[in-house]
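Written below as structure tokens is the structure these notes are about.
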Protein chains: 2
Amino acid sequence: MLTKDELPFCPVATTVDLIGNKWTLLIMRELLTGTKRFSELHKAIVGISQKVLTQNLRKMEEDGIVTREVFAEVPPKVEYSLSELGDSLRPIIDSMITWGTDYIQQHLQAEQQDS
Amino acid sequence: MLTKDELPFCPVATTVDLIGNKWTLLIMRELLTGTKRFSELHKAIVGISQKVLTQNLRKMEEDGIVTREVFAEVPPKVEYSLSELGDSLRPIIDSMITWGTDYIQQHLQAEQQDS
DNA sequence: CCGTATCCTCTCCGATACTG
DNA sequence: CAGTATCGGAGAGGATACGG
């Protein structure tokens with residue numbers, strides 16, 4: 001039996017390969033609160049272009065962390081949600097939310113001391 | 001008082017800006033086990049070039065998550081370690097290690113079933 | 001040993017135009 | 001609405017040579 005450090009592939013490298021990317025993490029942040037339409041994601045994620053959003057969603061779908069559902073309507077409607085695998089990544093994003101929240105509060109305090 | 005969701009800057013975006021990057025996360029993985037020399041990092045992180053390693057270390061130093069110590073010796077010696085702020089990111093990497101380890105084990109099992 | 005400087009390549013990404 | 005297709009500029013990153 002291999003110990004954690006002796007695994008053939010580094011766990012961090014594996015995780016990084018899936019979500020070690022700015023946009024992927026921001027998309028996941030949106031999907032953690034539930035299913036979203038393409039346009040909702042586009043609006044919520046400031047600075048992303050339609051093209052890059054599509055590219056990232058396709059990659060996430062390939063990797064099995066996002067589910068895509070197309071509705072045969074006019075106008076068209078496409079919904080994205082986290083798969084079970086995608087949802088299993090929730091603790092990672094949560095730890096980022098926790099850390100980022102603390103970090104921001106520290107910086108707000110520091111700025112107030114400056115003024 | 002603002003609630004978590006009303007903070008002026010998204011916590012995830014803040015965190016992503018600091019460590020939402022392949023190489024940064026892999027460098028942090030190495031430094032979590034203690035101080036490392038430049039050449040040790042270069043050897044440990046497969047696929048990174050000297051230039052990119054330097055660039056990332058400089059950015060991490062600027063962001064305050066890495067400390068750089070130069071020894072006035074011949075041959076020169078430079079040691080990198082996590083700052084207190086950098087070490088506070090440990091829970092995030094830990095959650096990635098936990099998830100990645102599980103993911104790899106699932107895939108190893110799946111491969112064994114295939115054969 | 002630990003870099004920086006330069007060149008050159010290659011990919012990313014924005015802008016735009018066009019479809020079901 | 002939710003894409004795809006195409007073009008072109010900007011920047012990331014490799015290879016190499018050189019410096020403290």
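In what follows, chains carry the letters A, B, and so on, assigned in the order in which the sequence lines appear, proteins first and then strands, with residues in each chain numbered from 1.
- Distance CD1/A/I48 to CG/A/L26: 7.5 Å, rounded to 0.5 Å.
- In terms of heavy atoms, B/L25 sits closest to A/V12 at O-CG1, 4.2 Å.
- Terminal axes of the helix from C/dC1-D/dG20 to C/dG20-D/dC1 (five pairs each, C1' rotation axis) are separated by 50°, to the nearest 10°.
- Taking a heavy-atom distance under 4.0 Å as the criterion, the stretch of DNA chain C touched by chain A extends 5' to 3' from C/dC13 to C/dG20.
- Contact annotation for A/P75: backbone-only contact, meaning every heavy-atom pair under 4.0 Å involves sugar-phosphate atoms and none involves a base.
- Crowding of B/E84 atom CD: a count of heavy atoms from other residues, nucleotides or ligands under 6.0 Å not exceeding 12.
- Using a 4.0 Å heavy-atom distance criterion, A/Q50 is classed as a base contact.
- With rounding to the nearest 0.5 Å, the separation of CD in A/Q109 from CD1 in A/I104 is 13.0 Å.
- Minimum interatomic distance between A/M96 and B/V16 (heavy atoms only, all atoms of both residues): CE-CG2, 3.7 Å.
- The distance from atom CG of B/L57 to atom CD of B/E62, rounded to the nearest 0.5 Å, is 12.0 Å.
- Using a 30° and 60° split on the angle between ring planes, A/Y103 and A/H107 fall in the tilted class, from 30° to 60°.
- Shown here for B/R29 and A/C10, the closest heavy-atom pair between the two residues is NH1-SG, 2.7 Å.
- Sorted by residue number, the members of residues 23-49 of chain A with any non-hydrogen atom under 4.0 Å from DNA chain D read A/R37, A/F38, A/S39.
- Residues in residues 14-27 of chain B take part in these side chain to side chain donor-acceptor pair (under 3.5 Å) pairs, two or more places apart or across chains: B/N21-B/T24, B/T24-B/N56.
- Using a 4.5 Å heavy-atom threshold, the side chains of A/F71 and A/V78 count as separate.
- Comparing A/K51 and A/E79, the nucleotide of DNA chain D nearest to each residue sits closer to the 5' end for A/E79.
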(request) Using the side-chain contact (heavy atoms from CB on, under 4.5 Å) rule, take A/T67 and A/Y80 through it: C-alpha gap first, then chi angles, then the decisive distance, then the call. (result) CA-CA 6 Å; A/T67 306; A/Y80 293 92; over 6 Å; no
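- Residue B/Y80 is classed as a sugar-phosphate contact, given heavy-atom separations below 4.0 Å to backbone atoms only.
- Remark: B/E40 pairs with B/K36, B/R37 by the side chain to side chain contact (heavy atoms under 4.5 Å, CB included) rule, at least two apart or across chains.
- Residues from residues 52-70 of chain B with heavy atoms under 4.0 angstrom of DNA chain D, sorted by number: B/V52.
- Residues B/S95 and A/S95 share a closest heavy-atom pair of OG-OG, 3.3 Å.
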